[in-house]
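In what follows, chains are A, B, ... by sequence order, proteins preceding strands, each numbered from 1.
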Number of protein chains: 2
Amino acid sequence: MSERQNGRPTLEQVAALAGVGRGTVSRAINGSPGVSEQAKEAIARAVAELGYVPNQAARVLAGSLTDAVALVIPETEARVFAEPYFLDLIRGVSTELALADKQLLLTLIRSEAERQRFERYVAARRVDGVLLASVHGDDPLPALITRLGMPLVMNGRRSAAEPVAYVDSDNIGAGRAAVAHLVGRGRSRIATITGSQDMYVARARLGGYLAGLAEAGIVPDEALVAAGDFTEAGGRLAMRELLARDPGLDAVFAASDVMAAGARAALREAGRRVPEDVALVGVDDSAVARLMDPPLTSVRQPIEEMGRTMTRLLLQKIGEGNGTGPVAGEEPQRILPTELVVRESS
Amino acid sequence: MSERQNGRPTLEQVAALAGVGRGTVSRAINGSPGVSEQAKEAIARAVAELGYVPNQAARVLAGSLTDAVALVIPETEARVFAEPYFLDLIRGVSTELALADKQLLLTLIRSEAERQRFERYVAARRVDGVLLASVHGDDPLPALITRLGMPLVMNGRRSAAEPVAYVDSDNIGAGRAAVAHLVGRGRSRIATITGSQDMYVARARLGGYLAGLAEAGIVPDEALVAAGDFTEAGGRLAMRELLARDPGLDAVFAASDVMAAGARAALREAGRRVPEDVALVGVDDSAVARLMDPPLTSVRQPIEEMGRTMTRLLLQKIGEGNGTGPVAGEEPQRILPTELVVRESS
DNA sequence: GAGTAGGCTGGGAGCGCTCCCAACTCCGGT
DNA sequence: ACCGGAGTTGGGAGCGCTCCCAGCCTACTC
């Protein structure tokens, strides 16, 4: 049936052509010490002449690592979060993996069946480590991966005291910066539209908002906090509710750009001008923010940088052979700073 | 240094426990014919008991396929195109690969070095096939991959008569549908903002626009065609130019949502109302379209479906062992229909 | 009753590589 | 002249699996 002629040159052939032994070629190719300059040159020539490319399957089988890393994105999140998020993340991960000459295996998990498939995959040690994007508090995956002794780094965390290695952005700082900025613009009745409170990221942003108010000496008002769910519709409803509760509010911090867009629509319905009547600040600094009318002030997360940092941490763990080693020292955890991008909406 | 205890069970152990030979276990696991029910059961029990998972490296080495497929995204494109595009594409590809129990290897190519790295990868036959997203006309990759005898399916094409297998959306139909819709709304001075004309997709959408005009019996006017570059800024500039050339225009078909957003801003600057004065239609049906004010009528591309279709075609090629076989029959090519999503902007 | 076609089965022969050990060559030191 | 060590080297022994062939047994056929 399948006619695999497969004429690829092997180590053995390179060795023969270079007039040395297999072992020497292996050492030369892997940069191991103890190979004479002369041998190195002969081997380099032979490799070039034959167009030799090592067979990875054989390498893996013979005992080294797989040279691949999995990036897992639970689909539930993918829909909710600002879309560009994952692309930026992938970009960062990809960049760093390319530098280390490792492969990126992308896994979207949408169903129980796919989760099990991934479990088998990890169990089969088809990858050297796992990067896990935006995990819900009740996701069984982190525990599972850790139990299998597979190095793991998460993007974001499930609670303030996350035991697993992670890279997160400073969501508390994001809320504080937004409020400080609004206060600086002379606003005093500052409302917020929160994300789903079962996500740590949403709680942290709310916490930042409250901290920001406290720092400005403003007493928080429950009427100025409305629950959203990271969707545009949610943002719109929350904004209507806020306006109903307190028509005098003069600023809103929405915990995501998409919700801010919903809020903006609700404000327009209500005949409020942005920023004259109500100033608006979002989070994500996504394309949506730039394209809104007026362009939205937003807190930027260093998404690509998070991807890079996660990858570096993971590669380091892998390098240490630390699949939650026997006495896995401290799990590395990083919180990267956010940055306020001021536009016309505030 | 690295303490790899690696206590994973092997085929041999399963065979021993099941009281059969290695060959029988292999056959049973791979669903090959010629295994008695009795043996199958004993093996299934042993597999379960030991938690056996086949070692993929060994499988690949012993001659079967790698069970992985690469999805390549040239970075130049990634920035220009509507961001969600690739995520949707990935989603489709991922879905279909999961069904076939294959792995998705994502490769972003941003530099010459990364391209070479990918070349080596393909040369090493680390994947069974390649999916290539949005390729420029002068990209050396398609030729290279084909030359290496690696099955390839592209997303989009480089010219009307693309020799390589591809899945594209009906961009001509998109332009026609947009124009037909605008004509149906009573518009007659319909302008267009094109994408970069060195991309086939941009030329096709322009072609569709022209075809649409022809079908409506409208004589095209050069003054109503402005060149954009798929960016918001480009759309804004193009719109200004169009208004300068013909202040009386009453509709605009922008070849992407992002350009439509730029156009919308320029229209606002010029004091034109949308849709009262000028109706606006974009392409992509992205988040941007939904969030614009007013929400943008847009032509939806079946992106996820394209991803699925590409993947199915590729798997089929792989199945046929058709790495551009000796006399590779017709290369499969699919053009998927687009769909107009009407919103308030028109 | 001998002969033969299947249905299953076991296990040898690699796949191409890394690990590792024994061996070989040169040294300088004594 | 002899010895020990450092620098190199070749190649055996797997890694776990698939392919494939020979062998076995059963069940028919003539």
So which nucleotide from D:dC17, C:dT18, D:dT9 ends up closest to the side chain of B:N55? D:dC17
Of the non-hydrogen atoms in A:L11 and A:Y52, which two are nearest, and what is the gap between them? N-CE1, 3.5 Å
Looking at side-chain heavy atoms only, is the closest gap between A:E96 and A:K102 below 4.5 Å? no
Pick base, sugar-phosphate or nothing for A:A39, based on heavy-atom distances below 4.0 Å to the nucleic acid. sugar-phosphate
Between B:D128 (side chain only) and B:D67 (backbone N and O only), is there a donor and an acceptor less than 3.5 Å apart? yes
Side chains of B:V153 and B:Q316, heavy atoms from C-beta outward: is any pair under 4.5 Å? no
Between D:dC15 (C1') and A:R125 (CZ): distance, integer Å: 16 Å
Atom-pair distance (CD1 on B:I43; C1' on C:dC8), nearest Å: 11 Å
d(CG, A:D67; C1', C:dT18) in whole Å: 15 Å
What is the distance, rounded to the nearest whole Å, between atom CZ of B:R126 and atom C1' of C:dC17? 13 Å
Atom pair distance, as rounded to whole Å: OH in A:Y52 and P in C:dG16: 10 Å
Please report, rounded to the nearest Å, how far the P atom of C:dT18 is from the CD atom of A:E12. 13 Å
Between residues 15-35 of chain B and DNA chain C, which residues have a heavy-atom gap below 4.0 Å? B:G19, B:V20, B:G21, B:R22, B:G23, B:T24, B:R27, B:G34, B:V35
Side chains of B:V25 and B:R22: closer than 4.5 Å at any heavy-atom pair? no
Taking the basic N atoms (NZ, or NE/NH1/NH2) and the acidic carboxylate oxygens, is any pair closer than 4.0 Å for A:E114 and A:R117? no
In whole Å, what is the span from the CG atom of B:L61 to the P atom of D:dG14? 17 Å
Would you kindly give the CZ-to-C1' distance between B:R59 and C:dG14, to the nearest whole Å? 18 Å
